[in-house]
Amino acid sequence: MGRDTIADIITSIRNADMNRKGTVQIASTNITENIVKILLREGFIENVRKHQENNKYFLVLTLRHRRNRKGTYRTILNLKQISKPGLRIYSNYQRIPRILGGMGIVVLSTSRGIITDREARLEGIGGEILCYIW
């Protein structure tokens, strides 16, 4: 894992989803816990549990897959990191983009914590755009 925790969790989840893994283990920090809570609340993942090994905490995520009629798995989760350590992207609440016409969500880091685009529009606050999830 590198220094960019958001990129690390997005990459870990995306790779596990593409390889049809049922679970993925990511490091537990305040940022990752808040993003995972949003993923769980919005229905992109099935379950989350906290695991401890050698005084380090990990989050074990159970991913959700969709089965086609022919029996193949399709990935449900698509993630894209927007704000990076070298280039931060900020937006006010009026200019927060809509993903797939409102079907996807935008995760923002605001003065009131990490929230979705819908919550930010309701509260009338903007912030740093962390990632898109659809």
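Only a predicted model underlies this, so the values are computations on that prediction, with no experimental measurement involved.
Judged as a side chain to side chain contact (heavy atoms under 4.5 Å, CB included), and not counting sequence neighbours, L122 has no contacts. Scanning for side chain to side chain donor-acceptor pair (under 3.5 Å) contacts around T116 gives an empty result, with sequence neighbours left out. Among residues two or more places apart in sequence or in another chain, the side chain to side chain contact (heavy atoms under 4.5 Å, CB included) test is passed with Q94 by N92. Residues satisfying the side chain to side chain donor-acceptor pair (under 3.5 Å) test with S91, not counting sequence neighbours, are none. Residues that satisfy the side chain to side chain donor-acceptor pair (under 3.5 Å) test with T62, not counting sequence neighbours, are absent from this structure. With sequence neighbours left out, the side chain to side chain contact (heavy atoms under 4.5 Å, CB included) criterion links L87 to I89.
Using a 4.5 Å heavy-atom threshold, the side chains of V106 and I129 count as touching. Within the 4.5 Å cutoff, no side-chain heavy atoms of I99 are placed close to those of I105.
Atom CD1 of residue I26 and atom OG1 of residue T11 lie 11.5 Å apart, to the nearest 0.5 angstrom. Atoms OG and CD, on S12 and Q25 in that order, are 10.0 Å from each other to the nearest 0.5 Å. How far CD1 of I38 is from CD1 of I114: 6.5 Å, rounded to the nearest 0.5 Å. Remark: R20 CZ to L63 CG distance equals 13.5 Å, nearest 0.5 Å. The structure places OG1 of T32 at 9.0 Å from CG of L61, a figure rounded to the nearest 0.5 Å. Residue L130 holds its CG atom at 12.0 Å from CG of L79, rounded to the nearest 0.5 Å.
Residue pairs meeting the side-chain hydrogen bond (donor to acceptor under 3.5 Å, both in side chains) criterion with at least one member in residues 102-111: none, sequence neighbours excluded. Applying the salt bridge (Lys or Arg N to Asp or Glu O under 4.0 Å) rule to pairs touching residues 89-104 yields nothing, sequence neighbours excluded. Sorted by first and then second residue, the pairs that involve residues 82-91 and meet salt bridge (Lys or Arg N to Asp or Glu O under 4.0 Å), not counting sequence neighbours, are R88-E128. Sorted by first and then second residue, the salt bridge (Lys or Arg N to Asp or Glu O under 4.0 Å) pairs with a member in residues 50-59 read E33-K50; sequence neighbours excluded. Evaluation of the salt bridge (Lys or Arg N to Asp or Glu O under 4.0 Å) test over residues 115-124, restricted to residues two or more places apart or in two chains, returns R41-E119, E42-R118, R112-E123, D117-R121.
When every heavy atom of C131 is checked against every heavy atom of I10, the shortest pair comes out as CB-CD1, 3.7 Å. Nearest heavy atom pair, residue R64 against residue I45, reads NH2-O, 4.3 Å. Nearest heavy-atom pair, F44 versus W134, reported as atom, atom and distance to 0.1 Å: CE2-C, 4.0 Å. Nearest heavy atom pair, residue P97 against residue Y132, reads CG-OH, 3.3 Å. For the pair D4 and P85, the tightest heavy-atom approach, listed with the atom from each and the gap, is OD2-CD, 3.4 Å.
Cluster annotation: V24 is connected to I31 through the hydrophobic network of ILVMFWY side chains, with a link wherever side-chain heavy atoms come within less than 4.5 Å. Connection of V48 to I6 is established within a shared hydrophobic cluster, with ILVMFWY side chains joined at heavy-atom distances below 4.5 Å, either directly or through further cluster members. Following chains of ILVMFWY side-chain contacts shorter than 4.5 Å, one can reach I13 starting from L40, so the two form part of one hydrophobic cluster. No chain of hydrophobic side-chain contacts below 4.5 Å, direct or via other Ile, Leu, Val, Met, Phe, Trp or Tyr residues, connects F58 to L39.
Through chains of ILVMFWY side-chain contacts below 4.5 Å, I125 is grouped with I115.
Between the side chain of Q81 and the backbone N or O of S83, at least one donor-acceptor pair lies under 3.5 Å.
Environment of CG in N19: crowded, with over 12 heavy atoms of neighbouring residues, nucleotides or ligands closer than 6.0 Å.
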